[in-house]
Asker: 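Take this structure first; my questions come after.
Position 1 is the first residue of the sequence; numbering continues from there. Source: prediction; values computed, not measured.
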Amino acid sequence: MKPVALVSMPTLAARFPSYQLALLKPTLERAGFQVEPLSLFLRFGQQIGWQLNEALANVYPCMVGEWIWSKTAFGDLDTTDEYFHRYRSNFEGICAAANCTLADIVRVREKETTEFVNWAIREIDWSHFGLVGFTVVFQQMVASLALAKAIKGRHPNLPIIFGGATFEDDIAFEILTNNPAVDFVHCGDADQSLPEVVSRVYAGQSMAGMRGMMWRAHGKVSYEGRAANYGDLDQAPVPDFDEYFAMRKQTEYDRYPGAREVMLPIETARGCWYGMKNHCTFCGLNRAGMEFRSMHPERVLELLKILSRRYGTRNFNAIDNILAPAYVSRLFGRLAEGHSDLRLHYEIRPKLTRGQLRLVRQGGLVSVQPGIESFSTHVLTLMKKNTTGMANLELLKWTTYYGIDNSYNILFGFPGETAQDYQQQAQVIRRIPHLQPPYAIAQARPDRGSPMFEQPAEHSITALRPADCYRYIYPPDYNLRRVSYFFEHDIDVALPQDGYHECFDLVANWKQQWKTRHRPYLCYLKTWESISIHDDRNGVRQSYRFDDQAAALYELCADAQHKEHLRTELGCNETWLDKALQQFLDKDLMIFMDDKYLSLALPDNPHY
């Protein structure tokens, strides 16, 4: 029996292996099939140069990682100049990151992509395989279509299947309809269904009744519905990254001066337990796969043990949509007890307490994507985030203190928001330049599958259209409303743009301050019953000393507190308390939000 080829195409960053290849290889091997994964995105990076590849792999609004493949896949659309003009600011950033010119990017599109496909056809013996599978995430669609077309031109009887997180019925239908080189598209979890699919392909049997499968028969597209969600993740095989590491070595990525240590992907949960209750208005993830399923913490520990030993790495990127609550104590608690030096990234809810953050950091959590989104409780309510501005600020404070990299955005553009919401956020931002800045401040986007996309009228959306980049990527005969994931929109109750300008300017300055050698700081040191606060947030160094009850008050507000709780804890009279709190507020050493007080200075003591 011929082996199955599993292909991961460009445009991807080199430090991130394909989890899909690593998981599906042992999944099919369990069923008795021979599998050969091909991390071709690494070969492409070697061909065009690593610095340029890494810049193109970033997902910009222009989707340049797809655009560079469009001529090879579809022919010349003759819109290059218009495209560059439309996304001028994107390309300024890309060229700066890659140390290249627009001519270099045009060369990749006009020459390098075609040469790469020709190389793959020439150097890989595709007749050796009984089935070729392409896994598609992020910016891999057009490159995969280009190579699939070339393979089919040489080997017309070789079956080709597409799958991956990109595909639900709408996108899958458009791809299958417009690309005769693609015989099948799989939608949904493939853990249980793919072995049966491969068996049917090899036996020449129909896909009728096979959930997850879309295929072409008698001139029509047939679809059996999305594959069932895979429930028992504890039974998933240990992913096999052998081919990635071999290809990484062959392509000499680690000799590139800017090479980054591998971030080994793991998947310990699928779906979103929070989204099952409250689907964030802008989130397009999961769609039919929202049902939350997770590994037992003990299985995650076993997985980390096996993978770290096998590949000699300690950096892991959990591709889960959200951290399972049980992992705080039962996973990170165990890692902390073992004094592990593993380093993990997770997406989290912004509701972890200081004590929980301390524990997960001790257990190796060094990077989070927490979905902060706003410091306005009103705006967060409009998003259905079920949290508060103060809770988000507390999370930002303590992730900064514990050295946990916090990757978050500030979003705007929700019906019902007010100018006051952004004036209030501007007041917050002015006080916290010593805390980690956001990655960006951006308008909320109605991604495919999000409530904003599915129920536009409920979100005051008057116009919904595919993001402009897609008309430069796909030919005119594609239905862009079906193939696009990113969308642009108009809303009839939007604030004027100048309502956001103050926050735009403050965030830009905040980010710039964190790029300097001497970042802003606000910290305090404690003796027995006194604290000294040192403030250099705005270039003017100031120091303050507080003793006895005032010092105790400031420390009590290390976590946000209601005034009644403070009065009870300190046993003080209300007049003194009001005066002391106001003193801290007047000096911007404390903030009052959501009826709570929070001290803004970070402890200098590393054992807080």
Side-chain angles (χ1 to χ4, degrees), residues 59-63 86-90 93 274-275 278-287 347 350 369-389 391-393 396 406-430 437-470 480-481 484-511 593:
V59 183
Y60 290 87
C62 63
M63 298 284 285
R86 170 67 177 79
Y87 291 101
R88 177 179 170 182
S89 62
N90 281 187
Y274 177 75
N278 296 285
H279 192 172
C280 298
T281 59
F282 53 85
C283 180
L285 300 177
N286 297 301
R287 299 183 72 181
E347 293 191 26
Q369 188 174 332
I372 283 177
E373 265 79 76
S374 181
F375 296 113
S376 164
T377 298
H378 179 232
V379 175
L380 290 164
T381 301
L382 296 175
M383 297 182 201
K384 296 188 177 179
K385 293 293 289 187
N386 193 31
T387 188
T388 66
N392 283 347
L393 184 54
L396 182 59
N406 190 327
S407 180
Y408 71 100
N409 293 320
I410 295 176
L411 299 181
F412 65 89
F414 297 92
E417 64 189 11
T418 68
Q420 185 179 0
D421 294 327
Y422 292 91
Q423 292 165 5
Q424 176 257 321
Q425 287 198 77
Q427 292 173 7
V428 174
I429 292 169
R430 281 195 194 90
Y439 177 77
I441 178 168
Q443 184 176 15
R445 193 179 57 208
D447 291 350
R448 182 180 293 278
S450 69
M452 290 174 69
F453 176 87
E454 299 290 351
Q455 301 102 29
E458 292 183 19
H459 298 88
S460 302
I461 293 176
T462 56
L464 190 64
R465 56 193 174 276
D468 216 21
C469 63
Y470 291 105
L480 297 184
R481 296 191 68 85
S484 302
Y485 178 77
F486 299 120
F487 283 77
E488 297 166 358
H489 69 296
D490 300 323
I491 59 177
D492 61 7
V493 291
L495 284 178
Q497 281 293 308
D498 58 10
Y500 309 116
H501 284 171
E502 186 177 16
C503 286
F504 291 167
D505 293 342
L506 287 168
V507 167
N509 183 59
W510 188 5
K511 293 174 65 177
M593 289 171 57

Asker: What I'd like to find out is whether the side chain of Cys503 reaches to under 4.5 Å of the side chain of Ile410, using heavy atoms alone.
Answerer: no
Asker: For a quick test of reading the model, state the closest non-hydrogen atom pair linking Ala444 to Phe414 and the distance between them.
Answerer: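 Shortest heavy-atom separation between Ala444 and Phe414 comes out as CB-CZ, 3.3 Å.
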Asker: Quick check for you: to the nearest 0.5 Å, what is the distance between Lys385 atom NZ and Leu411 atom CG?
Answerer: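 Interatomic distance, Lys385 NZ to Leu411 CG, rounded to 0.5 Å: 8.0 Å.
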Asker: Considering residues at least two apart in sequence or located in another chain, which fulfil the side-chain contact (heavy atoms from CB on, under 4.5 Å) criterion with Arg481?
Answerer: Leu464, Pro466, Asn479
Asker: Roughly how far apart are Thr377 OG1 and Asn392 CG, rounded to 0.5 Å?
Answerer: 8.0 Å
Asker: Could you report the tightest heavy-atom contact between Met593 and Gly389, atom names first, then the distance?
Answerer: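 Closest pair (atom of Met593, atom of Gly389, distance): CE-C, 3.5 Å.
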Asker: What's the separation between atom CG in Asn409 and atom CD in Gln369, rounded to the nearest 0.5 Å?
Answerer: 8.0 Å
Asker: Thr388 and Leu380: which non-hydrogen atoms are nearest, and at how many Å?
Answerer: C-CD1, 3.4 Å
Asker: What residues form a ring pair (Phe, Tyr, Trp, His ring centres under 6.0 Å) with His378, not counting sequence neighbours?
Answerer: none
Asker: Suppose we screen for side-chain contact (heavy atoms from CB on, under 4.5 Å). Which residues come up paired with Pro456, at least two apart in sequence or across chains?
Answerer: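 Partners of Pro456 by the side-chain contact (heavy atoms from CB on, under 4.5 Å) criterion, ordered by chain and then number, come out as Ile461.
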Asker: Looking only at atom types and distance, does a side-chain atom of Asn278 sit under 3.5 Å from a main-chain N or O of Lys384, one as donor and one as acceptor?
Answerer: no
Asker: Identify the two heavy atoms, one from Gln455 and one from His459, that lie closest to each other, and give their separation to 0.1 Å.
Answerer: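 Taking Gln455 first and His459 second, the nearest heavy atoms are O-ND1, 3.0 Å.
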Asker: Could you tell me whether the side chains of Glu417 and Tyr500 share a donor-acceptor contact shorter than 3.5 Å?
Answerer: yes
Asker: For the side chain of Asp421 and the backbone of Thr418, is there at least one donor-acceptor N/O pair under 3.5 Å apart?
Answerer: yes
Asker: Any chance you could measure Met383, atom CE, to Cys283, atom SG, to the nearest 0.5 Å?
Answerer: 12.5 Å
Asker: Are the side chain of Gln424 and the backbone N or O of Phe375 linked by a donor-acceptor pair below 3.5 Å?
Answerer: yes
Asker: Is the backbone of Ser484 close enough, under 3.5 Å, to the side chain of Arg448 for a donor and an acceptor to pair up by distance?
Answerer: yes
Asker: Test side chain to side chain contact (heavy atoms under 4.5 Å, CB included) on Tyr422 and Phe412; report intermediate values, then the result.
Answerer: CA-CA 9 Å; Tyr422 292 91; Phe412 65 89; 3.3 Å; yes
Asker: Any side-chain to backbone donor/acceptor pair from Lys511 onto Tyr439? Under 3.5 Å, distance only.
Answerer: yes
Asker: Checking Asp447 now: which residues fulfil side-chain contact (heavy atoms from CB on, under 4.5 Å) with it, not counting sequence neighbours?
Answerer: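 Arg445, Tyr485, Phe486.
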Asker: Is the Phe453 to Phe487 ring centre distance short of 6.0 Å?
Answerer: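 Yes, close enough.
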Asker: Hey, is CD on Gln420 packed in by over 12 heavy atoms from elsewhere, all under 6.0 Å?
Answerer: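 No.
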Asker: Keeping Asn90 on the side-chain end and Cys62 on the backbone end, is there a donor-acceptor pair under 3.5 Å?
Answerer: yes
Asker: Given side chains that start at C-beta, do those of Val507 and Ile429 come closer than 4.5 Å, heavy atoms only?
Answerer: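 SC-SC contact between Val507 and Ile429 confirmed.
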Asker: Not counting sequence neighbours, list each pair that qualifies as a salt bridge (charged side-chain N to carboxylate O under 4.0 Å, His left out) and has a residue in residues 455-464.
Answerer: none
Asker: Provide the closest heavy-atom pair for Pro350 versus Pro370 in the form atom of the first, atom of the second, distance.
Answerer: CD-O, 3.2 Å
Asker: So do Cys280 and Tyr274 actually touch side chain to side chain, heavy atoms under 4.5 Å?
Answerer: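 Yes - at least one pair of side-chain heavy atoms lies under 4.5 Å apart.
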Asker: Check residues 490-499 and write down every donor-acceptor pair under 3.5 Å in which the side-chain atom is one partner and the other belongs to a residue at least two apart or another chain.
Answerer:
from	atom 1	to	atom 2	distance (Å)
Asp490	OD1	Arg465	NH2	3.3
Asp490	OD2	Arg465	NH1	3.3

Asker: For His489 and Pro446, work out which heavy atoms get closest and say how close.
Answerer: ND1-CD, 3.3 Å
